[in-house]
Amino acid sequence: MPARPPHASPTGDPSPLPERMAAAARDLQEQRGPQSTLDLAVRLAVSNVDGCDAAGVTMARPHEVETPAFTEEWVAVGDRLQLELGEGPCLDAIRQQHTVYSPSLGYDRRWPVWGPRVTAETGAQSVLSFQLFTHHDTVGALNLYSRTRDGFHLDDRADGLAIAAHVAVAVAASMKITNLESALGSRTVIGQAIGIIMERFDLRPDVAFAVLSRISSTEERKMRDLAAELVDTGRLEGLDATLGEGVLR
């Protein structure tokens, strides 16, 4: 492989690496939601890491591995093969190591079945995988593929690590924002339902909440779902029966 200037951008951007990483971080933080963040992350990996022909993000949960963002369809094919065969660099990055590199997938003894298969089916020759984050029961990895054997130089790996660090922060922040919005939505609808119960039955707020909580326990349904039903329809099965059991005002 011919030599190239250190940290030169494959897009021809002459900006030094720190400037390009700062711009990438700003762009990632400006995305609205996890999916747009992931979509931008894989595009940034391809445009900032020389030798990277395609990239994808893998999310692993118990009994499930998915690829929510990728630049080429064959990346998702490679990830599905890893799940099917139970071996591969993405799984290793997720389960065991923070960074995994293979210069020759067809001959890598770590993945004797997956390596030759993915090379034959996708043309991928080398891969660079970074563990992004662990969040509750979800772990993410950023995977960079090259169709050239030994396609990533040492400085490419440094660039990839820098991108992965920014992606990890941005995706984690985006997920927290999404969870917060969901939690706020739940609180809002529960508050509306409590208000309906208070007004209809002349109850104190704590007693109205206790009524909703008791129905949730009895019916084995989430309180948010019960609240949404009451707000949407004005009715809630079990409400009159629960109040008939005798609730202190």
Side-chain angles (χ1 to χ4, degrees), residues 25-42 56-69 79-80 83 90-91 93-96 98 131-142 164-249:
R26 286 193 299 270
D27 290 343
L28 285 166
Q29 294 296 338
E30 290 173 357
Q31 300 309 298
R32 308 182 75 174
Q35 188 59 54
S36 60
T37 303
L38 293 173
D39 290 339
L40 177 60
V42 293
V57 171
T58 301
M59 296 290 188
R61 301 176 179 87
H63 314 297
E64 179 186 10
V65 175
E66 62 175 336
T67 308
D79 281 1
R80 286 195 294 271
L83 179 60
C90 308
L91 298 181
I94 286 170
R95 296 169 178 167
Q96 303 171 15
H98 291 293
Q131 185 185 99
L132 289 179
F133 61 86
T134 58
H135 181 66
H136 297 309
D137 62 351
T138 302
V139 184
L142 176 65
H166 289 302
V167 170
V169 172
V171 173
S174 182
M175 285 184 170
K176 288 178 183 177
I177 290 171
T178 299
N179 292 339
L180 177 60
E181 289 174 346
S182 177
L184 289 175
S186 297
R187 292 170 190 167
T188 299
V189 73
I190 289 171
Q192 291 172 341
I194 289 172
I196 292 172
I197 296 173
M198 286 171 59
E199 181 179 3
R200 186 173 299 176
F201 299 99
D202 191 24
L203 298 175
R204 300 193 311 268
D206 58 329
V207 178
F209 179 83
V211 169
L212 195 59
S213 179
R214 184 179 301 181
I215 298 172
S216 174
S217 177
T218 302
E219 301 289 333
E220 296 184 346
R221 294 176 59 192
K222 293 181 179 179
M223 188 180 295
R224 186 195 186 283
D225 294 340
L226 294 171
E229 181 180 327
L230 179 58
V231 171
D232 290 342
T233 69
R235 299 185 303 275
L236 182 60
E237 185 177 350
L239 181 56
D240 291 333
T242 300
L243 285 164
E245 294 173 4
V247 180
L248 293 177
R249 292 177 180 268

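All values below were derived from every heavy atom in this structure, side-chain atoms included, with hydrogens, water molecules and symmetry-related copies excluded. The first residue in the sequence is number 1, and the count goes up from there. Everything numeric in this text was worked out from a predicted model, so none of it was measured.
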Could you list the residues that satisfy side-chain contact (heavy atoms from CB on, under 4.5 Å) with Ala69, not counting sequence neighbours? Gln35, Leu38, Asp39, Val42
The side-chain contact (heavy atoms from CB on, under 4.5 Å) partners of Glu237 (sequence neighbours excluded) come to none
If I take atom [atom1] from residue [X] and atom [atom2] from residue [Y], how far apart are they, to the nearest 0.5 angstrom?
{"X": "Gln131", "Y": "Leu142", "atom1": "CD", "atom2": "CG", "answer": "12.0 Å"}
{"X": "Leu203", "Y": "Ile196", "atom1": "CG", "atom2": "CD1", "answer": "13.0 Å"}
{"X": "Arg32", "Y": "Thr37", "atom1": "CZ", "atom2": "OG1", "answer": "11.5 Å"}

For [X] and [Y], work out which heavy atoms get closest and say how close.
{"X": "Cys90", "Y": "Ala141", "result": "O-CB, 4.4 Å"}
{"X": "Ala170", "Y": "Leu28", "result": "CB-CB, 3.7 Å"}
{"X": "Met198", "Y": "Ala208", "result": "CG-CB, 3.6 Å"}
{"X": "Val167", "Y": "Ala41", "result": "CG2-CB, 3.6 Å"}
{"X": "Leu212", "Y": "Ala227", "result": "CD2-CB, 4.3 Å"}

Could you check whether any side-chain N or O of Glu220 sits under 3.5 Å from a backbone N or O of Ser216, counting only pairs where one atom can act as donor and the other as acceptor? no
Under the 3.5 angstrom rule, does the side chain of Ser217 hit a backbone N or O of Arg214 as a donor-acceptor pair? no
When Leu230 is tested against each of Val189, Ile215, Ile197, Ile194 for side-chain contact (heavy atoms from CB on, under 4.5 Å), which residue passes? Ile197
Measure the shortest side-chain to side-chain distance between Phe201 and Val211 over non-hydrogen atoms and say whether it is less than 4.5 angstrom. no
Check ion pair Arg235-Glu229 (N to O, under 4.0 angstrom): no
Using side-chain contact (heavy atoms from CB on, under 4.5 Å), reason through Glu66 and Thr58 one step at a time and then give a plain yes or no. CA-CA 6 Å; Glu66 62 175 336; Thr58 301; over 6 Å; no
